[in-house]
Amino acid sequence: MAGDSGNSDGGSNRDEEVQIQIADSSKAATSSTHEVPIQNSPVKSWQWWLMVGVNMFFLIAGQTASTLLGRFYYNQGGNSKWMSTFVQTAGFPILFIALFLFHSKTSSTQTVTSSPAPTISIPKITLIYVVLGLIIAADDLMYSYGLLYLPVSTYSLICASQLAFNAVFSYFLNAQKFTPLIFNSVVLLTFSASLLGVDEDSQGTTSISHGKYILGFLLTLGASATYSLILSLMQVTFEKVIKRETFSVVLNMQIYTALVATLASLVGLFASGEWMTLQGEMHAFQSGKLSYVMTLLWTAISWQVASVGVVGLIFVVSSLFSNVISTLALPIIPVFAVIFFHDKMDGVKIIAMLMAIWGFMSYGHQLYVDGKKGRKTTVSVEETS
């Protein structure tokens, strides 16, 4: 499968590929003078903002729905951590639909480049897909344990710490500057997660023991850190190995790593013996067998809807912006958790949520400042050329 990916990148589709403009000041400064800016006309500008809005909706809605459905699965009697892990990536074939649909619309957002695509080593990129896929499977398993042992409101607020981890990993792996605004965001998100870690009332009214709550907290925190590491490693792969970041390259990364993660989850499901409990789990599901199947199905679909949003935002903006929008959804989930699961929303959780939102806004403002500097740099380069 990875071999097909490499061949398609280097074959007839090469001329159809479009070079993604990344909203980053360092990349804007080094953009090729052969590139045609996306927003040269009002129509393209309108279409660009429409794509950004649609993909933001996909990401936020998909992530919110998948998290709530994952909690519903456990609340109704589901108990298989490996099944919960499996559905997080098993819907990856849906991404082939996104590949087809977006390829038909690239004419409205493309940036023409005259430089040929670099040759990609098939064994090397295959190894990268396998390693990243295994890391993703481990990350999804940690998320599954966290969602099992934590109230969904607490779980989602802890997940917001991924933005702080992203800043740290981007600093070491992607040469991202550590500005005062980003430092402020890291501190706020760290304090937000710490409040939930020490607050006994965040355990909620479930029968989960304090020991399992601490385990869930640590695994969710570890999963957030691992997710941010995955994004940074993907960015390194784009820059150092693939040396381009086109839509099909980004989508291939999502598809083949998800394939590996899905296969790893299946191995875990059978090796752990949890597969033998699935039939009994389905019969004991409180809302019925049909509900059991539909819950798993729509959880898988929701995760892939979110993936389409992630890939779309990477395509039209940047991977960093995609991660920021992913974090934006996390403070929203506790509101739905209170409505649907009657989670307790005490003062500590409210403070943690406000701190997470503040941290997000601080990070988002830094992106705005970087983007503004990048546009000024691009304009000055064009004027002097």
Side-chain angles (χ1 to χ4, degrees), residues 57-92 94 139-160 196 202-209 212-213 215-217 219-220 223-224 227 261-262 265 268-269 272 274-275 277-309 326 328-345 349 353:
F57 173 78
F58 282 165
L59 175 53
I60 294 174
Q63 185 168 304
T64 301
S66 58
T67 302
L68 295 175
L69 285 170
R71 180 70 257 180
F72 179 78
Y73 165 75
Y74 287 132
N75 282 0
Q76 294 295 305
N79 194 48
S80 174
K81 277 75 67 178
W82 280 108
M83 175 57 73
S84 179
T85 301
F86 172 75
V87 297
Q88 292 182 49
T89 54
F92 72 88
I94 295 175
D139 186 50
D140 290 345
L141 182 62
M142 287 190 287
Y143 276 128
S144 297
Y145 272 96
L147 194 55
L148 173 62
Y149 293 151
L150 297 176
V152 68
S153 56
T154 304
Y155 164 86
S156 60
L157 290 173
I158 296 172
C159 286
L196 298 172
S202 293
Q203 183 173 337
T205 58
T206 63
S207 58
I208 298 298
S209 66
K212 288 184 177 180
Y213 173 84
L215 178 62
F217 173 84
L219 287 175
T220 304
S224 299
Y227 178 75
T262 301
S265 300
L269 181 65
S272 66
E274 286 188 359
W275 67 275
T277 67
L278 294 181
Q279 186 174 3
E281 185 178 277
M282 181 172 63
H283 286 285
F285 205 66
Q286 294 179 17
S287 52
K289 290 184 285 186
L290 178 61
S291 177
Y292 177 83
V293 175
M294 296 304 293
T295 298
L296 295 177
L297 175 63
W298 283 106
T299 301
I301 292 175
S302 297
W303 277 117
Q304 295 314 308
V305 169
S307 293
V308 169
S326 176
L328 173 62
L330 297 172
I332 299 174
I333 296 174
V335 178
F336 290 98
V338 172
I339 297 172
F340 295 112
F341 302 121
H342 307 293
D343 275 12
K344 184 180 180 182
M345 200 69 178
K349 279 187 182 180
M353 182 172 67

- Evaluation steps, side chain to side chain donor-acceptor pair (under 3.5 Å), between T85 and S144: CA-CA 6 Å; T85 301; S144 297; 3.1 Å; yes

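With rounding to the nearest 0.5 angstrom, the CG atom of L69 is 10.5 Å from the CE atom of M294. Note that CZ of R71 is 10.5 Å distant from OH of Y155, once rounded to the nearest 0.5 Å. Remark: Q88 CD to S66 OG distance equals 8.0 Å, nearest 0.5 Å. Atom CD1 of residue I60 and atom CD1 of residue I333 lie 10.0 Å apart, to the nearest 0.5 angstrom.
The stretch residues 69-91 participates, sequence neighbours left out, in no ring pair (Phe, Tyr, Trp, His ring centres under 6.0 Å) pair at all. Sorted by first then second residue, the side chain to side chain donor-acceptor pair (under 3.5 Å) pairs that include residues 291-303, not counting sequence neighbours, are E281-Y292, S287-S291.
Counting heavy atoms from C-beta outward, T220 and L150 have side chains that approach closer than 4.5 Å. Counting heavy atoms from C-beta outward, I94 and V305 have side chains that stay 4.5 Å or more apart. Looking only at side-chain heavy atoms (C-beta outward), C159 and Y143 come within less than 4.5 Å of each other. Within the 4.5 Å cutoff, the side chain of S153 has no heavy atoms near those of the M353 side chain.
Residue I158 comes nearest to S224 through the heavy atom pair O-OG, 3.8 Å, listed as atom of the first residue, atom of the second, then distance. Residues S326 and L59 come closest through the heavy atom pair N-CD2, 3.6 Å. Counting all heavy atoms, side chain and backbone alike, L68 lies closest to F336 at CD1-CB, 3.7 Å. Residue V87 comes nearest to S84 through the heavy atom pair CG2-O, 3.2 Å, listed as atom of the first residue, atom of the second, then distance. What you find for L219 and M142 is that their closest heavy atoms are O-CB, 3.6 Å. Scanning both residues, M282 and K289, for their nearest heavy atoms gives O-CG, 3.5 Å.
Other residues, nucleotides and ligands place more than 12 heavy atoms under 6.0 Å from the CD atom of Q286.
Under the side chain to side chain donor-acceptor pair (under 3.5 Å) criterion, T89 pairs with T262, sequence neighbours left out.
A donor-acceptor contact shorter than 3.5 Å is absent between the side chain of T64 and the backbone of A61.
The one candidate from D140, L148, L269 that meets the side chain to side chain contact (heavy atoms under 4.5 Å, CB included) condition with K81 is L148.
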